[in-house]
Amino acid sequence: MKKHIILSSLFLCLLIGYKIWEGLSLLNWINLTFLLGIIALAITVTIKIWKTGFLSLFLDGFRTLGQIIIPKTRSAIRTDSQIKNDYQLNQWKENVATWISYAFTNLAVISLTVSLISLIAYYQ
């Protein structure tokens with residue numbers, strides 16, 4: 001919970017700091033925060049889909065086609081199998097993907113919330 005509050009506060013400070021630094025009007029800032037939130041949400045969804053393996057069959061088909069067109073050397077095949085079986089590397093990739101997903105989810109929520117609250121304040 002503590003890291004969530006710290007990360008949210010950091011993103012909020014960055015958004016407010018950017019508005020002050022650039023001297024944006026409120027409407028331009030609302031548009032910018034909304035766009036940033038949508039982009040962060042799209043990145044989060046892409047990471048979630050990639051982590052679930054939903055597209056793995058589709059990507060494996062393209063990988064097979066690529067190997068038919070340009071065959072791999074024995075050393076490349078050996079290296080790929082070593083990388084696939086390396087537990088520490090796979091765990092590190094999983095941790096990085098989880099952290100990036102968490103950060104972009106937090107950014108999306110904060111950015112869209114700030115955009116909505118600013119929009120309500122703009123039309124009051």
Side-chain angles (χ1 to χ4, degrees):
M1 184 68 179
K2 186 177 179 179
K3 74 176 180 177
H4 177 68
I5 293 172
I6 291 172
L7 192 59
S8 298
S9 300
L10 175 71
F11 285 141
L12 185 61
C13 289
L14 285 174
L15 288 172
I16 293 171
Y18 184 75
K19 182 189 182 315
I20 293 170
W21 179 271
E22 287 293 319
L24 296 172
S25 68
L26 184 58
L27 190 59
N28 285 340
W29 188 60
I30 292 169
N31 290 335
L32 181 72
T33 56
F34 183 76
L35 181 63
L36 183 65
I38 294 296
I39 290 171
L41 196 60
I43 291 171
T44 301
V45 168
T46 303
I47 291 172
K48 294 285 185 189
I49 290 172
W50 173 69
K51 282 174 62 175
T52 60
F54 180 72
L55 297 174
S56 62
L57 183 62
F58 181 71
L59 295 175
D60 287 343
F62 278 114
R63 193 173 294 120
T64 303
L65 285 174
Q67 290 175 0
I68 290 172
I69 294 171
I70 303 170
K72 287 186 176 182
T73 62
R74 280 180 267 155
S75 62
I77 293 170
R78 193 175 335 120
T79 303
D80 285 345
S81 75
Q82 286 176 349
I83 289 173
K84 190 181 285 186
N85 295 329
D86 189 0
Y87 175 74
Q88 289 179 339
L89 180 63
N90 290 331
Q91 187 65 35
W92 180 80
K93 285 181 186 179
E94 183 69 27
N95 291 341
V96 168
T98 301
W99 186 84
I100 290 173
S101 176
Y102 174 74
F104 276 106
T105 302
N106 198 331
L107 177 63
V109 168
I110 291 298
S111 183
L112 291 173
T113 303
V114 166
S115 175
L116 182 65
I117 291 171
S118 300
L119 193 62
I120 290 170
Y122 181 75
Y123 283 111
Q124 287 293 327

Grouping I, L, V, M, F, W and Y whenever their side-chain heavy atoms are under 4.5 Å apart, do Leu7 and Ile16 come out in a common cluster?
yes

Step by step, would you call Asn106 with Phe11 a side-chain contact (heavy atoms from CB on, under 4.5 Å)?
CA-CA 8 Å; Asn106 198 331; Phe11 285 141; 4.3 Å; yes

Strictly distance-based, threshold 3.5 Å: is any side-chain N or O of Ser56 a donor or acceptor partner for the main-chain N or O of Gly53?
yes

Is any side-chain heavy atom of Trp92 closer than 4.5 Å to a side-chain heavy atom of Val96?
yes

Is there a path of hydrophobic side-chain contacts, each under 4.5 Å between heavy atoms, that joins Leu10 and Tyr18?
yes

Close side-chain approach of Phe34 and Leu112, heavy atoms under 4.5 Å
yes

Give the cluster check for Leu35 versus Ile30: same hydrophobic cluster or not, with ILVMFWY residues linked at side-chain heavy-atom distances below 4.5 Å.
yes

Val45 vs Ile49 side-chain heavy atoms within contact, under 4.5 Å:
yes

4.5 Å side-chain heavy-atom contact, Ile5 and Ser9
yes

Look up atom CD1 in Ile69 and atom OG1 in Thr64, then write down how far apart they are to the nearest 0.5 Å.
11.0 Å

Decide yes or no for Thr98 and Lys51: does some side-chain heavy atom of the first lie under 4.5 Å from some side-chain heavy atom of the second?
yes

Atom CD1 of Ile110 and atom OG1 of Thr105: how far apart are they, to the nearest 0.5 Å?
11.5 Å

Shared hydrophobic cluster, Leu116 / Leu15 (ILVMFWY, side-chain heavy atoms < 4.5 Å)
no

Tested for side chain to side chain contact (heavy atoms under 4.5 Å, CB included) against Ile117, the lone hit among Leu119, Val114, Thr113 is Thr113

Determine whether the side chains of Thr33 and Lys19 contain a donor N or O and an acceptor N or O closer than 3.5 Å.
no

Does Ser101 reach the main-chain N or O of Ala97 with its side chain, forming a donor-acceptor pair under 3.5 Å?
no

Report yes or no: does Asn85 contribute a side-chain atom to a donor-acceptor pair with the main-chain N or O of Ser81 at less than 3.5 Å?
yes

With Trp29, the side chain to side chain contact (heavy atoms under 4.5 Å, CB included) member among Leu27, Asn31, Leu26:
Leu26

With a cut-off of 6.0 Å (strictly less than), are more than 12 heavy atoms of other residues, nucleotides or ligands near CD1 of Ile70?
no

In Å and rounded to the nearest 0.5 Å, what is the OG to CG distance from Ser111 to Leu36?
4.0 Å

Is it true that Ile47 and Trp99 fall in one hydrophobic cluster, defined by side-chain heavy atoms closer than 4.5 Å?
yes

With rounding to the nearest 0.5 Å, note down the distance linking OH in Tyr87 to CD in Glu94.
10.0 Å

Value for CG (Leu65) from CG (Asp60), rounded to nearest 0.5 Å, stands at 11.0 Å

Given side chains that start at C-beta, do those of Phe104 and Leu41 come closer than 4.5 Å, heavy atoms only?
no

Examine distances only and state if a side-chain atom of Asn90 and a backbone atom of Asp86 form a donor-acceptor pair shorter than 3.5 Å.
yes

dist Leu107:CG -> Leu12:CG (nearest 0.5 Å) comes out at 11.0 Å

